[in-house]
Every structure is written in structure tokens, then in C-alpha cells.
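Following: one structure in C-alpha cells, then a few remarks.
Numbers restart at 1 for each chain; the letters A, B, ... are given by sequence-line order, proteins then strands.
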Protein chains: 2
Amino acid sequence: MRQHDRKAETRARLLAAAADLFAEHGIAGASVDAIATRADRTVGALYGHFGSKEELLFAVVDEWLGDAATVVAAELELADDAEQRLASLWRAVSQPSSERWLALEHEVWSHARRNPQAMERLRRRYVETWEGIAMLPLQWPEFASAGTNAPAIVGVLFGMAMMHQVSPGSITDEMAVRTLHHLVSSPDTEGATP
Amino acid sequence: MRQHDRKAETRARLLAAAADLFAEHGIAGASVDAIATRADRTVGALYGHFGSKEELLFAVVDEWLGDAATVVAAELELADDAEQRLASLWRAVSQPSSERWLALEHEVWSHARRNPQAMERLRRRYVETWEGIAMLPLQWPEFASAGTNAPAIVGVLFGMAMMHQVSPGSITDEMAVRTLHHLVSSPDTEGATP
DNA sequence: GTCTATACAGGGATAGAC
DNA sequence: GTCTATCCCTGTATAGAC
């Protein structure tokens, strides 16, 4: 039992340290030694748990994905109206505490671009995210066209978050919410739907 | 004269090789040795021209920026109508040949995040791009609100290009153009402008 | 201006002890 | 399960020759 606790704690510490250092120094720039040291462990423990630096990276990303989904779902439930729900999506990527995760996502993206296996994992993860967004209209009417536009919604969130980061004043909340609103609400009202 | 040609060619070869390898293997993953070798030169020549790996990176990005602006401007001139002009913007980031530059931009972004000097250069570059976009309405009426929305336009282009890359079928041209159209044409027609 | 050779540092991963 | 010690490779940058 004590053993189990110690093992679990080591794993958790390593994951937290890796998330920090990958985001801060990049995947290549964060040494396994530095990660282990920050977790108050050594490389031996790290390799015992994850086997390689890349598997550690995957574990970090998987854990993050679960946490992020939970947080966003809770925020959506808490919101009172359509605009607030869109605003909470925007806040999820634009708030200061998200910078770290945006940095990590950037790293993962670069990494995946030259690693087919990692790219496949990344692709699957995004498809799952899109599918999650496609479920939103079942609960909230304002997300009517979230299904078909899901990839664009994610892309817009990511891209605007990037601009927000180079220059926080450049993207106003109102601008972001308005752009999202256009994507989630049915755009075909003026179009060719019979 | 011969000397001058040789020097200029060396510089050009090094820049091209660096652009290739930075995009392909990342900034950290591309060694100065590999870059020099691909340019049919040696590290000596590289350091003679650029002094450091980072200065080489800046030179690569600066050259790219000039080229890209020229190409996009030409495409805009060639287009016949509003929709084609928006489509040409989308094509500029979504066409297969742009993948390389998107990869490089990703690398630069990650690099800048942990290098204040590089971040400042990146920021300036984006502000300049936004200013360039803000000039568009002077020539084309459909870009009426491009000024205020310039950062969002760039962000949306970047973000959708990313999604397009994980899964090319996920973002249709029509979807991209419609989203851009919403951003460039005045959004206040239905709003509170008296 | 460009090459060759080298100084100097750091990283990922493994072996063997406890 | 975790630590210490070590192997082996690769990288940036510089010095000195031509």
C-alpha cells in the first residue's frame, strides 16, 4: 500500500515536471535529467515508469486532454446563456493560465510533424475533440451548426489564441465571441438550404 | 566580381538549406553542420556569414516574409471578384506547398516563446502583417472591416490551416471563405452602429 | 571567404546495485 | 521501484591554415 502510493506519486510528479519543462523549454530542450530532478527523482525512475522520453510526452498530453475536457464541460454547464457559453470557450484558450498548455500543444505539433506515430495520435485526438463539439447542439440550441464546423471552431480558437498571445489587446473578447457565434449558429439561413 | 557572386551564392544556398532543415527537423533538430553540408559548404562558411545559428534563423524568416508578401499581393491583384480574393488568401496558407512554411512558422513560434528577443521580432512582424491587411479596404471594398479584425483574420487563417493539415478534408474551401468573409465585411450592420 | 580540426559541453539511454 | 555511474553520440562554436 505504501509502495503503491509512492509509485503513484512518482508518476504524478514526473508528469507534472515534464508538462512544465516541455512547455517551458520545448521537447528537445527539456532533458530527461532535468525533468527527473524537478520531480525530486532520477532518470532511473523516469525510465522505469515510461520507458522513453516520447512515451512520457504522450502520457503528459493524454492526461492534459482529460483534464481540459472536464474543465470546459463544467464551464459550459455553469454558463447562463448562449453568449456566456461561447465566452467560456474563448476564455478557456485565452486566459493567462492557458499559455502553458498552448505552448505544450505547439511543441507537440512540431514534434508530430516529423514523427508519423505521434502525428497519428495527434490526428486522433483532434478528431475526438471535433466529435465532442459535434455533440453540443444536442444540449444547446445555439450550437446548431457546431457539427459541420467543428474543425473550423477549434482552428479559430487556436489561431485567435495565438494572436492574443503575441498581442493580448489585438483580439477583443467581443471579436472572438462574434466569430465563434458565426461558426456555431447555422450559416445556411441565408443560403441554399431548401 | 567572381568573388562577389560566390559569396552571394553561398549565402543563398545556406538560407535555402536552413529553411528546409529548420522546417523538416526543427530549429533544435537541424544542426549547423547538416545545414552547411546540404548547402555544399561547411560550418566555417555558415559562421562567416551569419555568426550564429539564431542569426541564420532570423535571416531565413526575414527572407520568407518578403517573398510571401509579394506572392499574396500578386494573387490578390489577379483575382476577379471578392470571393476569389478571399479564396486566394485561404489558398496561400492551405495549399500543399505552404506546409513547409507553416512548419517553419511553428518552429519560430516555439523558439520565440523562450527567447524574448526573438519574441519581440515575431511580434513586430505580426503587427506589420496586420497593418498590411488594414490597408486592403483602400483598394477593395469587400475588406471593409479588415482593419479592426486584422489580427483575427490572421489567426483564423493560421488556425484553419492547422486543422486542414491534420485532416485536409475537415475544412472545406467554402467554410474557410465564409468565415473569412464574415471577418472582412462589416459585422456591425446588424449591430449597434447608429 | 571558406575549409579542416578540435575544444568543450550536453543529451538519451542502459547496467548493475540496493 | 529507484539510484548511481557510465557509454556513446551529437551539437555549437572557434582557431588556424589556405
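- Each salt bridge (charged side-chain N to carboxylate O under 4.0 Å, His left out) pair with one or both residues in residues 124-139 of chain B, not counting sequence neighbours, appears once here: B:Glu105-B:Arg125, B:Glu120-B:Arg124.
- Residue pairs meeting the salt bridge (charged side-chain N to carboxylate O under 4.0 Å, His left out) criterion with at least one partner in residues 147-168 of chain B, sequence neighbours excluded, are absent.
- Residue B:Arg6 places no side-chain N or O under 4.0 Å from the OP1 or OP2 atom of C:dG1.
- Residue pairs meeting the salt bridge (charged side-chain N to carboxylate O under 4.0 Å, His left out) criterion with at least one member in residues 27-46 of chain B, sequence neighbours excluded, are B:Arg13-B:Asp40, B:Asp20-B:Arg38.
- The side chain of A:His49 lies closest to D:dT2 when the candidates are C:dG1, D:dT2, C:dC3.
- Between the C1' atom of D:dG1 and the CG atom of A:Asp5 lies a distance of 14 Å, rounded to the nearest Å.
- Taking five base pairs at each end of the helix from C:dG1-D:dC18 to C:dC18-D:dG1, the local helix axes there meet at an angle of 0°, rounded to 10°.
- In this structure, CZ of B:Arg13 is placed 11 Å from P of C:dC3, rounded to the nearest angstrom.
- In this structure, B:Phe50 atom CZ and D:dA13 atom P are separated by 14 Å, rounded to whole Å.
- The CG atom of A:Leu21 sits 16 Å away from the C1' atom of C:dG12 (whole-angstrom rounding).
- Side-chain proximity of B:Ser52 to the nucleotides D:dT2, D:dA13, C:dT2 is greatest for D:dA13.
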Anything under 3.5 Å between a donor and an acceptor, one on a side chain of residues 73-88 of chain A, the other on a protein residue two or more places apart or in another chain? List them.
from, atom 1, to, atom 2, distance (Å)
A:Glu75, OE1, A:Arg91, NH1, 3.0
A:Glu77, OE2, A:Gln139, NE2, 2.9
A:Asp81, OD1, A:Glu83, N, 3.4
A:Asp81, OD1, A:Gln84, N, 2.8
A:Gln84, OE1, A:Asp80, N, 3.3
A:Arg85, NE, A:Glu142, OE2, 2.5
A:Arg85, NH2, A:Glu142, OE2, 3.2
A:Ser88, OG, A:Arg85, O, 2.8

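- Across the protein-nucleic acid pair, B:Leu46 atom CG and C:dT4 atom C1' stand 16 Å apart, rounded to whole Å.
- As a member of the Ile/Leu/Val/Met/Phe/Trp/Tyr network built from side-chain separations under 4.5 Å, B:Leu138 groups with B:Met135.
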Filtered N/O pairs between nucleotides 10-12 of chain D and protein, under 3.5 Å:
from, atom 1, to, atom 2, distance (Å)
D:dT12, OP1, B:Lys53, NZ, 2.6
D:dT12, OP2, B:Val32, N, 2.8

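- Within the 3.5 Å criterion, the main-chain N or O of B:Ala23 finds no donor-acceptor partner in the side chain of B:Glu107.
- Residues B:His182 and B:Val177 form no side-chain contact, since every pair of their non-hydrogen atoms from C-beta on lies 4.5 Å or further apart.
- Atom-to-atom, CD of B:Glu55 to C1' of D:dA13 comes out at 15 Å; the value is rounded to the nearest Å.
- Counting only residues at least two apart or in different chains, ring-ring contact (aromatic ring centres under 6.0 Å, His included) contacts with residues 83-102 of chain B comprise B:Trp64-B:Trp101, B:Trp90-B:His164.
- Among pairs with a residue in residues 110-140 of chain B, those fulfilling ring-ring contact (aromatic ring centres under 6.0 Å, His included) read B:Trp109-B:Tyr126, at least two apart in sequence or across chains.
- To the nearest angstrom, C1' of D:dT2 lies 9 Å from CZ of A:Arg41.
- Distance A:Glu9 CD to D:dG1 P: 15 Å, rounded to the nearest Å.
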